[in-house]
There are 2 protein chains.
Amino acid sequence: MPRPGRRREAPHYPDTADIDLLDVLHALADPTRMTIVRTLSVEPERACGTFPVDVAPSTLSHHFKVLREAGVIRHREEANRRLTMLRAADLEERFPGLLSTVVAAYRGEAVEKVAGGGEVREG
Amino acid sequence: MPRPGRRREAPHYPDTADIDLLDVLHALADPTRMTIVRTLSVEPERACGTFPVDVAPSTLSHHFKVLREAGVIRHREEANRRLTMLRAADLEERFPGLLSTVVAAYRGEAVEKVAGGGEVREG
DNA sequence: TATCAATTTCGACGTTCGTAGAACATCGTA
DNA sequence: TACGATGTTCTACGAACGTCGAAATTGATA
């Protein structure tokens with residue numbers, strides 16, 4: 001009996017206190033996922049299909065799952081789309097300075113290695 | 001014709017400018033390797049076989065290789081042992097604040113997940 | 001109601017990873 | 001020279017990973 005109001009199963013998010021550092025580091029250690037995070041660090045929220053990455057939708061969905069279960073992102077339902085945003089405040093509470101430091105480090109990286117190579121305005 | 005003065009091949013270290021963020025994050029996203037790094041953050045250098053981890057020597061050697069090629073550690077030959085130290089200054093130059101932030105975050109983590117569980121004095 | 005657009009789930013495939021045992025190399029010492 | 005201590009390399013193996021296509025689901029729209 002599928003419940004209405006949610007797209008399939010409601011995703012499971014770890015509590016802030018349960019966010020694991022190694023899970024976060026592993027989630028960030030991938031060019032596609034890092035591109036997602038960097039994009040969200042500039043834009044507060046964004047629809048799943050609009051990220052500047054060059055992978056199949058199913059692959060992208062997989063990366064969202066990794067980031068979600070690591071506690072890095074959260075989704076918000078809107079119509080038939082799902083908006084993604086960073087759990088920046090939660091991460092800041094759990095691991096102070098971590099997210100901003102990592103994102104800042106990635107800003108300086110060469111972009112050629114990023115999946116898709118599509119650049120996003122760095123505001 | 002084996003050359004004297006060095007234990008086998010001289011390890012290859014990336015230049016500071018060539019250290020890749022994703023490689024570093026991947027290297028740190030493992031309990032055994034994170035334990036090595038945390039230990040070195042308290043003690044400046046340490047012989048390879050003396051880390052509080054519970055893996056076979058060959059496995060440990062593999063982890064050192066990952067950390068070395070990511071640019072996180074450096075070795076120093078001494079007699080028939082090899083001392084390991086962090087490339088803290090290089091990492092600070094390449095990715096300011098990254099190493100200290102990550103290590104600080106790991107300090108607060110539960111230790112049960114650490115390979116071997118052997119605790120080290122946290123000074 | 002049929003259809004489209006957005007996204008997830010499932011199954012499959014090839015690659016990388018963490019692990020350990022066996023063999024080897026090097027240094028210090030008996 | 002022989003031996004023990006210290007690490008590394010090689011090989012192998014199961015698990016996890018990144019990738020995709022096909023199918024399914026949901027909300028909006030025709």
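Within every chain, numbering begins at 1; the chains are lettered A, B, ... in the order of the sequence lines, protein sequences first and strands thereafter.
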Closest to the B/R81 side chain, choosing from C/dC17, D/dT6, D/dT19: D/dT6
B/Y106-A/F95 aromatic ring centre distance below 6.0 Å: no
Atom pair distance, as rounded to whole Å: CZ in A/F64 and P in C/dA6: 14 Å
For atom CG of A/L60 and atom C1' of D/dG21, their distance in whole Å: 15 Å
Selected nucleotide, minimal atom distance to B/R82 side chain, candidates D/dT8, C/dG28, D/dC20: D/dT8
Which residues share a side-chain contact (heavy atoms from CB on, under 4.5 Å) with A/T50, sequence neighbours left out: A/R46, A/A47
Can you give each donor-acceptor pair under 3.5 Å made by side-chain atoms of residues 66-76 of chain B, sequence neighbours left out, with the distance rounded to 0.1 Å?
| from | atom 1 | to | atom 2 | distance (Å) |
| --- | --- | --- | --- | --- |
| B/R68 | NE | B/H75 | NE2 | 3.4 |
| B/R74 | NH2 | B/D90 | OD2 | 3.0 |
| B/H75 | ND1 | B/T84 | OG1 | 3.2 |
| B/R76 | NE | B/E45 | OE1 | 3.2 |
| B/R76 | NH2 | B/E45 | OE2 | 2.7 |

Distance in angstrom units between A/E69 CD and D/dC17 P, rounded: 10 Å
Candidate nucleotides D/dT19, D/dT9, C/dT7, ranked by approach to the side chain of A/H63 - the nearest: D/dT19
A/L22 CG - D/dA16 P separation (whole Å): 16 Å
Contact check, side chains of A/L83 and A/E77, non-hydrogen atoms, under 4.5 Å: no
N/O (side chain, A/T59) to phosphate O (OP1/OP2, D/dT19) under 4.0 Å: no
Under 4.0 angstrom between B/H26 side-chain N/O and C/dC17 OP1 or OP2: yes
d(CG, A/L67; C1', C/dT7) in whole Å: 16 Å
Side-chain donor/acceptor of A/S58 to base of D/dG21, under 3.5 Å: yes
Nearest to side-chain heavy atoms of A/A47, which nucleotide of D/dA28, D/dG18, C/dT7: C/dT7
B/H62, nearest nucleotide to its side chain (from C/dG18, D/dC20, D/dA28): C/dG18
Integer-rounded Å distance: D/dA28 C1' and A/E77 CD: 15 Å
First encountered from the 5' end of DNA chain D, between B/G49 and A/E78: B/G49
Interatomic distance, A/I36 CD1 vs C/dT7 P [rounded to whole Å]: 12 Å
B/L25 CG - C/dC17 C1' separation (whole Å): 17 Å
A/L99 side chain near A/E92 side chain, heavy-atom distance below 4.5 Å: no
Shortest side-chain distance from B/N80, nucleotide among C/dT8, D/dC20, D/dA5: D/dA5
